[in-house]
Number of protein chains: 2
Amino acid sequence: MSAASTPEPSRRSELLGIAAVLFAERGFKNTTVRDIADAAGILSGSLYHHFDSKESMVDELLDTFQTELWARYDEIEASDRTPKQKLEAVVRASFQAIDEHHSEVAIFQNDAAYLAGFDRFAYLGERNLKFRELWTGLLTAGVASGELRAGLDVELVYRFLRDTVWVAVRWYRPGGALTPADVADQYLTILLEGISQ
Amino acid sequence: MSAASTPEPSRRSELLGIAAVLFAERGFKNTTVRDIADAAGILSGSLYHHFDSKESMVDELLDTFQTELWARYDEIEASDRTPKQKLEAVVRASFQAIDEHHSEVAIFQNDAAYLAGFDRFAYLGERNLKFRELWTGLLTAGVASGELRAGLDVELVYRFLRDTVWVAVRWYRPGGALTPADVADQYLTILLEGISQ
DNA sequence: TCCTTACCCAAGCAAGTGCTTGGTAGGGTA
DNA sequence: TACCCTACCAAGCACTTGCTTGGGTAAGGA
């Protein structure tokens with residue numbers, strides 16, 4: 001309680017980062033506490049000085065990431081853009097999240113279904129629902145405003161949208177040739193205009 | 001060697017089907033031989049009367065599925081359609097594969113990266129390469145023939161295409177309201193024409 | 001000097017992992 | 001009768017898993 005102002009650049013967050021990378025690479029269940037400890041140069045038991053359990057590590061990773069992401073989404077939704085513009089902004093924010101929180105997105109993408117089975121991670125299901133409402137809401141509003149093509153199967157388009165955005169974490173590498181803005185531009189062009197001549 | 005004509009409707013294939021469902025639901029590493037045995041109503045040791053190992057089960061599942069899938073792809077590629085028509089046909093064949101071999105596609109989608117680490121599954125990498133060549137070849141030919149928009153980043157479009165098609169296995173349910181042809185139609189419309197008005 | 005805090009090691013436990021072994025029951029074949 | 005086959009059980013082995021326990025050390029404040 002004494003160090004309330006410091007952003008805690010400590011060993012703890014360092015270890016959390018190491019765990020994040022391994023979870024993202026091999027999956028949560030497939031990563032052992034000994035793997036994490038080895039990567040950190042300590043013994044597995046020593047990890048339990050910093051964390052209660054392996055679960056609490058992912059929990060902390062996913063929770064902080066999602067809180068930050070939804071702050072952006074809420075901001076976009078509350079802005080005074082048109083539905084189509086909001087859709088574009090949400091897509092851009094998502095690709096930026098893949099860039100800035102690559103490991104967390106990968107963990108969420110690969111292990112959310114497994115983790116959602118535990119009571120502790122019930123919030124994952126809630127977030128998914130909220131996510132769905134955000135996207136389908138924007139799509140429906142876009143069709144109503146005439147910005148998007150009439151007769152779209154909103155539910156189906158939502159699924160394609162959601163999956164295509166997040167699955168990019170499988171090949172996108174932060175620091176590579178493509179910036180998240182580049183990818184978002186290309187993707188939005190395909191999505192909005194199609195690839196036909 | 002006596003029953004050469006029968007398609008072997010035996011206990012073996014039955015067990016393989018049970019294993020496929022579990023592998024698809026929980027992931028390969030996350031599924032134990034005891035899980036499979038329990039689902040089949042036998043003890044875990046009894047599985048080894050039918051199969052050499054847990055690995056050989058996925059191996060058989062993935063290999064037979066991919067052989068069948070590539071028979072279709074090769075047929076399409078060798079046909080005398082235009083590049084764009086071939087692209088559409090490949091997309092349709094892929095969605096049909098998701099319908100007919102749902103578990104196998106899910107296993108491939110979720111565990112291919114992990115399995116590719118073993119020598120035994122080196123063919124997964126080769127197939128991936130062949131897959132890439134198929135898609136990028138069709139896209140490049142489509143741009144050259146004027147059917148697809150000029151200036152497309154073929155590599156990026158390929159990734160979007162590949163991921164979006166296969167990730168559908170996460171939400172598509174065989175026997176549901178949507179046929180694979182329905183999904184393919186909707187998807188191709190979005191891909192080719194976009195969602196803008 | 002004493003105590004606290006942060007950090008780590010060495011050793012191990014209970015549960016679970018893939019897989020092996022020796023054996024049994026029922027049926028077919030010569 | 002003698003032999004082999006398919007299909008399975010019961011028991012267990014060697015190993016890995018997440019996590020615990022009981023220490024130890026270095027730094028810093030009172």
Separation of atom [atom1] in [X] from atom [atom2] in [N], rounded to whole Å:
{"X": "B/Met57", "N": "C/dG18", "atom1": "CE", "atom2": "C1'", "value": "10 Å"}
{"X": "B/Leu43", "N": "C/dT21", "atom1": "CG", "atom2": "C1'", "value": "14 Å"}
{"X": "A/His50", "N": "C/dT5", "atom1": "NE2", "atom2": "P", "value": "16 Å"}
{"X": "B/Lys54", "N": "C/dT17", "atom1": "NZ", "atom2": "P", "value": "9 Å"}
{"X": "A/Glu14", "N": "C/dA6", "atom1": "CD", "atom2": "P", "value": "16 Å"}
{"X": "A/Leu47", "N": "C/dC8", "atom1": "CG", "atom2": "P", "value": "9 Å"}
{"X": "B/Glu55", "N": "C/dT17", "atom1": "CD", "atom2": "P", "value": "17 Å"}
{"X": "B/Leu22", "N": "C/dT17", "atom1": "CG", "atom2": "P", "value": "13 Å"}

ask   = If you look at every strand shown and take non-hydrogen atoms under 4.0 Å, does A/Ser44 touch a base, only sugar-phosphate, or nothing?
value =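 The residue A/Ser44 makes base contact.
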ask   = Within the distance-only criterion (no hydrogens, no angle test), does the side chain of B/Asp111 pair as donor or acceptor with the backbone N or O of B/Tyr114 below 3.5 angstrom?
value =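 Between the backbone of B/Tyr114 and the side chain of B/Asp111 there is no qualifying donor-acceptor contact (under 3.5 Å).
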query = Nucleotide range of DNA chain D contacted by chain A, 5' to 3', under 4.0 Å to a heavy atom?
reply =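 Range of nucleotides touched by chain A: D/dT17 to D/dT20.
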task = Check whether any side-chain N or O of A/Ser46 sits under 4.0 Å from OP1 or OP2 of C/dC9, and answer yes or no.
result =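 For C/dC9, OP1/OP2 do have a side-chain N/O of A/Ser46 under 4.0 Å.
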message = So, OP1 or OP2 of C/dC8: does either fall under 4.0 Å of a side-chain N or O from A/Arg11?
response =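 Yes, within the criterion.
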ask   = With nearest nucleotides of DNA chain C determined for A/Gly41 and A/Arg34 from heavy-atom distances, which residue corresponds to the more 5′ nucleotide?
value =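 It is A/Gly41, whose closest nucleotide lies nearer the 5' terminus.
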Ring centroid separation B/Phe95 to B/Tyr187 under 6.0 Å =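 Yes, ring centres under 6.0 Å apart.
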task = Can you figure out which of C/dC9, C/dC7, C/dT17 approaches the side chain of A/His49 most closely?
result =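 Per side-chain heavy atoms of A/His49, the pick is C/dC7.
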request  = Mind listing the closest non-hydrogen atom pair of B/Arg72 and B/Ala93 along with its distance?
outcome  =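 Smallest interatomic distance, heavy atoms only, reads NH1-O, 4.1 Å.
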Quick one: do [X] and [Y] make a salt bridge, cutoff under 4.0 Å?
{"X": "A/Glu147", "Y": "A/Lys86", "result": "no"}
{"X": "A/Arg162", "Y": "A/Glu155", "result": "no"}
{"X": "A/Glu126", "Y": "A/Lys130", "result": "no"}

message = Surrounding CD of A/Glu75 (heavy atoms of other residues, nucleotides or ligands, distance under 6.0 Å), is the total greater than 12?
response =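 No, because the 6.0 Å sphere around CD of A/Glu75 holds 12 heavy atoms or fewer from other groups.
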ask   = Pick the nucleotide of DNA chain D nearest each of A/Gly45 and A/Asp35; which residue has the one closer to the 5' end?
value =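 Its nearest nucleotide being more 5', the pick is A/Asp35.
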